[in-house]
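Chain A is the first sequence line, chain B the second, and so forth, proteins listed ahead of strands; every chain is numbered from 1.
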There are 2 protein chains.
Amino acid sequence: MDAKQHVIDKAILAKEAVRKLAIIDTNTKNKALYAMADALIENMDVILEANSKDMQNGKEKGLTKALLDRLLLDEKRINSMAEGLREIAFLDDPIGEVVKMWKRPNNLKIGQVRVPLGVIGIIYEARPNVTVDAAGLCIKAGNAVILRGGSEAINSNTAVAKIISDAAEKAGLPKGSINLIEITDREAANVMMKANGYIDVLIPRGGAGLINAVVKNATVPVIETGVGNCHIYVDESADMDNAIDIIINAKTQRPAVCNAMETLLVHKNIAEEFLPKLGEKLDSMGVEIRGCSATQNIIKSAKQATEEDWSTEYLDLILAIKVVDTIDEALEHIYKYGTKHSEAILTNNYENSQRFLNEVDAAAVYINASTRFTDGSEFGFGAEIGISTQKLHARGPMGLKELTTTKYIIYGEGQTR
Amino acid sequence: MDAKQHVIDKAILAKEAVRKLAIIDTNTKNKALYAMADALIENMDVILEANSKDMQNGKEKGLTKALLDRLLLDEKRINSMAEGLREIAFLDDPIGEVVKMWKRPNNLKIGQVRVPLGVIGIIYEARPNVTVDAAGLCIKAGNAVILRGGSEAINSNTAVAKIISDAAEKAGLPKGSINLIEITDREAANVMMKANGYIDVLIPRGGAGLINAVVKNATVPVIETGVGNCHIYVDESADMDNAIDIIINAKTQRPAVCNAMETLLVHKNIAEEFLPKLGEKLDSMGVEIRGCSATQNIIKSAKQATEEDWSTEYLDLILAIKVVDTIDEALEHIYKYGTKHSEAILTNNYENSQRFLNEVDAAAVYINASTRFTDGSEFGFGAEIGISTQKLHARGPMGLKELTTTKYIIYGEGQTR
């Protein structure tokens, strides 16, 4: 099968589907989402069988335990995929919203209306649930989707995509609304990245390697997601008990995700009292500490942090700690090493809280809360397609609205310039 | 001078400037814009002298009359550049606007706040006025700008950039807010296109060749501007006199710009009566007609339109005309040949007007008005940096707001997940 032809064939189907999807009513889209959810449950055996093939192949290929766990589907996970689709049906349809409308002096009425982006390409790795989540969100926002998952999950993805695509079509969505690229070598992904005129937007979901490859190679517009080297700065005036709760939450509640904290900055005037208490708690939670010299003087068990530690996204139970002389030093450190994802200050000082909010350039900037809240559900968006770490189009958690664009509609009565 | 080092040096200055620019008060930005305007007037002789060098070089290189006209600066044009800066000072500052703010069930207060994009790169061609317009708009929205103009205008651009940059700095803007790349070979532009981590957004302004080169080669996010193969569809029920006014306006008022009409579609039931009247008027305005066979049968002077005509952006006094059987055929033609810029229907039929608005996928869709209104000033944005023809981030005329992004600010009181 020729990768280029395969991708272009799917993209042509998707482009045709988009013309109808863009103007379809919300009820039909919701009906399709429910039908997709039902079909997943009804065909659970088919999915489990396909997944067991992937698991078998994965074991033979020697995939890590973590990767195998991501790949695994079981009854509970399939139920949860179906539930996710029903939740998307429940969300407000963003399409058709008149963002604003105004009248010009010449009586032209100009309105800005929310419309679908068009054909969205998703390039992702081992998790088969992305196939369902991404498809559900894209079609609710009136987009067609072209999914290209990892080779490890090809049997699961093929089964799942066929089931939801058939169910969607039967429920009234145009053919070609949901498409899976069945070629998982690099070539197919490369074709997607250069498919200007066919694919409107590419969203990579996965590790830093995948995301960087897409950003570097794509000529199609990309929404960059992911990398989070997040900091918490404990100001001199912070409430210490509260700070410990927040830090433990941001580091340990789910260390492998992008909004987990990686480096802690502590004001020198509070370090002597605060760090021993914190160190004890971190120890008890199994967190390895890598500290600057001042930190090591206070927490004896801390290893020496190297320059590399300040820029590492551990995604693990490891925390880098640095004692800083001033809030300026903290801001400078975040500017130098941060990835503009999520940053927090813990303080009771009004001026410092406002300086931190204003001066830190990141998708989400917190006062006195855990960085773990940077998430579509936590923000109240209902579901998310990812967390944008770029500045163009979308920044931070991306919900349905971020899968849309706008167009201007102009009501005239014969006006000329 | 090493092109790469030159660009990176400027970008480092710009990045530093952005940190201060992002939090500077509106009064200082406005004061700087006025100071820049005054400096242009005070140094008019310096600019005119530099421009005369460019004009001399241009004549020796055999630039076309049109290009030489774009390159030319005179007292009137310099005054108008200065006036443009004063108008930007008059516009509302978009930075700091709280787009929305809401409270979550856990009492987190989440706000979405408008902030600058950061460092904006502008790659443009022969018009030295872009140097001033782009710099003014970028800094008003709190961005630093890196300007890379065409080689033809290098003397003018160097003089103008130095004058406004010095004036801005003296008025309180950080050094490095306005930067001109002094190397005009392709290498410097290529470095800008790949300067991820230094340049946040690239906006190419110029012809299709330049824009395509940037879209194809850039790894930095790009906002695509420009190409407009715009259509007007005259429906069966259109008011004919009104239609003639609009068509003449859209084709002849300024044929060389992207929102001028290039192809006219006419419903067959009105063609026999309408086209002779229109043909006469177009003739009198010196517009060459290239028509389908049905058009040629009615307007005898019309040349035969070829397949190529339907996709050509003439930017000239040439109009392609096609007679269509139905509104569906018109919609299909626009889908196939349009560039998603500006499209208009002239009609008195309610259903057709709504179908056209809903089904045409373009930055601006008009009922009963000229496509020439797709413009920042005409939309009431005050000034524009270009017209986006892409779907990501900005679509249609881009004013100050489109030169910004947002960040989420979160007010907590100790919340954890």
Report task. Quick one: which of Ser370(A), Ala369(A), Gly414(A), Pro221(A) has the most heavy-atom pairs under 4.5 Å with chain B, could you say? Result -> Gly414(A)

Requested in this report: Heavy atoms only, distances under 4.5 angstrom: which of Leu392(A), Thr374(A), Ile409(A) has the most pairs with chain B? Name it, please.
Outcome: Leu392(A)

Using non-hydrogen atoms and a 4.5 Å limit, figure out which bit of [X] sits close to chain A: side chain, backbone, both or neither.
X         : answer
Val360(B) : backbone
Asn358(B) : both
Asn212(B) : neither
Val220(B) : neither
Val215(B) : both
Ala250(B) : neither

Query - Interface residue of largest heavy-atom contact number with chain A, from Gln390(B), Arg254(B), Glu378(B), under 4.5 Å - result: Glu378(B)

Report summary line: Residue from Ile23(B), Thr219(B), Asn249(B) scoring the most non-hydrogen pairs under 4.5 Å with chain A is Asn249(B)

Report task. Apply the test side chain to side chain contact (heavy atoms under 4.5 Å, CB included) to residues Asn368(A) and Glu413(B): give CA-CA distance (whole Å), side-chain angles for both, the deciding distance (0.1 Å), then the verdict. Result -> CA-CA 5 Å; Asn368(A) 296 342; Glu413(B) 40 199 36; 5.8 Å; no

Can you tell me how far [atom2] of [Y] sits from [atom1] of [X], rounded to the nearest 0.5 angstrom?
X         : Y         : atom1 : atom2 : result
Lys407(A) : Glu343(B) : NZ    : CD    : 10.5 Å
Tyr408(B) : Leu357(A) : OH    : CG    : 15.0 Å
Thr371(B) : Ile410(A) : OG1   : CD1   : 10.0 Å
Lys15(A)  : Tyr335(B) : NZ    : OH    : 4.5 Å

Requested in this report: Kindly say whether Lys391(B) contributes a backbone atom to a donor-acceptor pair with the side chain of Thr405(A) at under 3.5 angstrom?
Outcome: yes

Requested in this report: Kindly say whether Arg417(B) contributes a backbone atom to a donor-acceptor pair with the side chain of Arg372(A) at under 3.5 angstrom?
Outcome: no

Requested in this report: Just jot down the side chain to side chain contact (heavy atoms under 4.5 Å, CB included) partners of Thr225(B), sequence neighbours excluded, or say none.
Outcome: Ile203(B), Ile211(B), Met398(B)

Quick one: what part of [X] sits under 4.5 Å from any heavy atom of chain B, side chain, backbone, both or neither?
X         : answer
Leu117(A) : both
Asn348(A) : neither
Asp241(A) : neither
Asn217(A) : neither
Ala363(A) : backbone
Val18(A)  : neither
Asp239(A) : neither
Ala218(A) : backbone
Asn242(A) : side chain
Lys103(A) : neither

Would you say [atom1] of [X] has more than 12 non-hydrogen atoms from neighbouring residues, nucleotides or ligands within 6.0 angstrom?
X         : atom1 : answer
Lys100(B) : NZ    : yes
Asp92(B)  : CG    : no
Lys281(A) : NZ    : no
Lys109(B) : NZ    : yes
Lys20(B)  : NZ    : no

**Report entry** Heavy-atom side-chain proximity of Phe373(A) to Leu108(B) below 4.5 angstrom
**Finding:** yes

Report task. Measure up the Trp102(A) and Phe379(B) rings against each other and bin them: parallel (under 30°), tilted (30 to 60°), perpendicular (over 60°). Result -> perpendicular

Query raised in the report: Taking 4.0 angstrom as the limit, do Glu332(B) and Arg19(A) come out as a salt bridge?
Result: yes

